[in-house]
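Remember, it's 1-based here, ligands and their atoms both numbered in the order they're listed.
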Amino acid sequence: MRSIFLFLIACCLFIQCKKEQSTPPNILFIFSDDHAIQSISAYGFKLNVTPNIDRIANEGVLFRHATVGNSICAPSRATILTGKHSHANGKRTNLDTFDVYQQTFPRILQEANYQTALIGKWHLKANPQGFDYWDILPGQGSYYNPDFISKDGKRRVTGYNTDLVTDLSLEWLTETRDQDKPFMLMCQYKAPHRVWAPGPDHLTDYDDVVLPEPYSLFDDYTGRSDFVKDNEMMIAKHLMEDYDLKIAGSTTPDALGRTFANPELKRMTTEQRADWDAAYDLKNNLYKELNLSDEELVRWKYQRYVKDYLRTVASVDDNIGRLLHYLDSTGLAENTLVVYSSDQGFYLGEHGWYDKRWMYEESLHTPLVMKWPEQIKPGLEIQKLVQNIDYAPTLLDAAGVQIPADMHGVSLLPLIKGSSQDWRTSIYYHYYEEGEHNVPRQEGVRTDRYKLISFYGYDTFELYDLDKDPQEMNNVANEAAYQEIRAKLEQELEKLKSQYGVETNQ
Ligand code: SGN
Ligand code: CA
């Protein structure tokens, strides 16, 4: 009798212990729009300091080569939700319709007893599905006094976007969610997207410093296909004085004859506008007194553009600090997987550019850092090629939910846990949207060392040896010494297309 009793106690303890070990984690997915790794100090760049993003990396893992399959906003978001490349989830361009009723990881988590919520930028047109709660910015959203749309309709909220998206996220976490279930919250900022409007707390950051310039700020595009020189995303030519560079009232046209006004100014309250003018009038008056040569003007525009960009990043970092503080102070941090990422990278003056879209390194890469004290050892850095197709499988794996076989990505958890299993040695890329900024459609493959880009339909290839030419200034696609490598990369591209079920474009 006594032994049966002891056996039953042992069983109960075992079950209890099992239960504790397998308590599904909370998931806090923090996401921004157009955040370049060059502006995150954890990545080793010296432009700015991002203590809170760095903290996630230091207490967990940083992916050095996190990449996207299609470097543009809404398609990247669709890939993250579905774990599939654009051709398979149907969202190839910002203009395509995304079928919100298809399989997505939030819906799968919801079916697995998670409380799911989405707050901030969504950009997929139809109202979100698979979320118990959502409160989104319409379209691109605004920085100042943004509109939000929820199940109750549309409303305008006074304040600065990044602060508000965090306020609403914290409100959902503390007051609205069902505390008995694990949560998966997607907290998604507009920043640091164009028009790079800084918040009230950071209007004068960097006023007294001169930022370092990238190596290729004055790129003349020789050594590459003609498509590159035909781009319309140059700091020198395509930033508008009023719209982008914050010189209110300027009617100086850009190289395409455009003179738009900055849309944020007319949204501001009198008080917000006064703070803004106090910060910019001073800087603009100084600028107007200068008599700059063409080269000096590019340098000036670079400083103004990147400083504003970094000011918006500073608010993102501050607000990530607020979210981390909430997790710490409630004791939730230990079993919460925190992810920080962005929909793609961005050019901060490299090749003389702003924007993204190209398969070159700056816009192919995206930040990806994670922490989960219960499961991830601190201080890891992973060099392997990972991609935004992997996010959905990773989050499902973390939640202990089966990963659907039709997802293109794979869970990153084994990689994080040091499994010795084989990992992919190449990634597939495909950009489809020919429009704004005049970037041609392109697909390609990147390995640890090489990158092949095919401007399909135009029979034009570029090949970069990233070991020898990390800045991608010298296309070697037609050099004799690289023909064998090129042939192998062309084969690899075909292999990836067949693996993912991409129809041939040529
Ligand atoms: C807007 C921007 C572009 C940007 C696209 C796509 N112009 O159209 O510069 O490339 O969004 O960005 S703006 O004048 O409206 O700011 S994305 O993040 O949505 O893909
Ligand atoms: Ca974007």
Original post:
Closest N/O/S atom of D343 to the Ca ion (ligand 2), by atom name?
Top reply: OD2
Original post:
Does the ring centre of Y309 sit less than 6.0 Å away from the ring centre of H193?
Top reply: no
Original post:
In terms of residue, atom name and distance, what is the protein heavy atom nearest to atom 12 (O) of ligand 1?
Top reply: K356 NZ, 2.8 Å
Original post:
the Ca ion (ligand 2) is nearest to which N, O or S atom of D34?
Top reply: OD1
**OP:** Show which atoms of ligand 1 fall inside a sub-4.0 Å distance from at least one heavy-atom site of H123.
**Re:** 19 (O)
**OP:** Can you pull out the closest protein heavy atom to atom 14 (O) of ligand 1? Residue, atom name and distance to 0.1 Å, please.
**Re:** Y243 OH, 2.5 Å
Subject >> Contact check: Q344 vs ligand 1, nitrogen or oxygen atoms, below 3.5 angstrom >> reply: no
**OP:** Kindly confirm whether the Ca ion (ligand 2) is within less than 3.0 Å of some N/O/S atom in S342?
**Re:** no
Subject >> Test of ring centre spacing under 6.0 Å for H65 and H365 >> reply: yes
Original post:
Is there a donor-acceptor contact under 3.5 Å linking the side chains of Q344 and S71?
Top reply: no
Original post:
Among protein heavy atoms, which lies nearest atom 17 (S) of ligand 1, and at what distance?
Top reply: C73 CB, 3.1 Å
Original post:
Quick one: which of L118, V100, T104 gives a side-chain contact (heavy atoms from CB on, under 4.5 Å) with L81?
Top reply: T104
Original post:
By number and element, which atoms of ligand 1 are closer than 4.0 Å to a non-hydrogen atom of I72?
Top reply: 20 (O)
Original post:
Hey, looking at atom 1 (C) of ligand 1, which of E436, H437, R194 has the closest heavy atom?
Top reply: E436
**OP:** Measure centre to centre between the rings of W134 and W122, then say whether the value is under 6.0 Å.
**Re:** no
Original post:
What atoms of ligand 1 come within less than 4.0 Å of a heavy atom belonging to R357?
Top reply: 4 (C), 5 (C), 6 (C), 10 (O)
Subject >> Any N or O of Y354 closer than 3.5 Å to N or O of ligand 1 >> reply: no
**OP:** Fit a plane to each ring of Y144 and W276, take the angle between them on a 0 to 90° scale, and name the class: parallel (under 30°), tilted (30 to 60°) or perpendicular (over 60°).
**Re:** perpendicular
Original post:
Looking at the Ca ion (ligand 2), which N/O/S atom of D33 is the nearest one?
Top reply: OD1
Subject >> Residue and atom name of the nearest protein heavy atom (relative to atom 4 (C) of ligand 1), distance in Å to one decimal >> reply: D355 OD1, 3.4 Å
Subject >> No-hydrogen, no-angle side-chain donor-acceptor test under 3.5 Å, E361 and Y347 >> reply: no
Subject >> Geometric cation-pi criterion, K301 with Y305: 6.0 Å, 45° >> reply: no
Subject >> Parallel, tilted or perpendicular, as decided by the 30° and 60° cut-offs, for the rings of Y360 and W358 >> reply: parallel
Original post:
So, for Y391 and F105, is the gap between ring centers shorter than 6.0 Å?
Top reply: no
**OP:** May I have the step-by-step check of ring-ring contact (aromatic ring centres under 6.0 Å, His included) for F131 and Y133, ending in yes or no?
**Re:** CA-CA 5 Å; F131 295 94; Y133 180 88; over 10 Å; no
**OP:** Report, in ascending order of atom number, the atoms of ligand 1 lying under 4.0 Å from any heavy atom of D34.
**Re:** 18 (O)
**OP:** Return yes when V195 approaches ligand 1 closer than 4.0 angstrom through a heavy atom, no otherwise.
**Re:** no
Original post:
Given Q140, K190, K121, which has its nearest heavy atom closest to atom 11 (O) of ligand 1?
Top reply: Q140
Subject >> Proximity flag F260 to ligand 1, non-hydrogen atoms under 4.0 Å >> reply: no
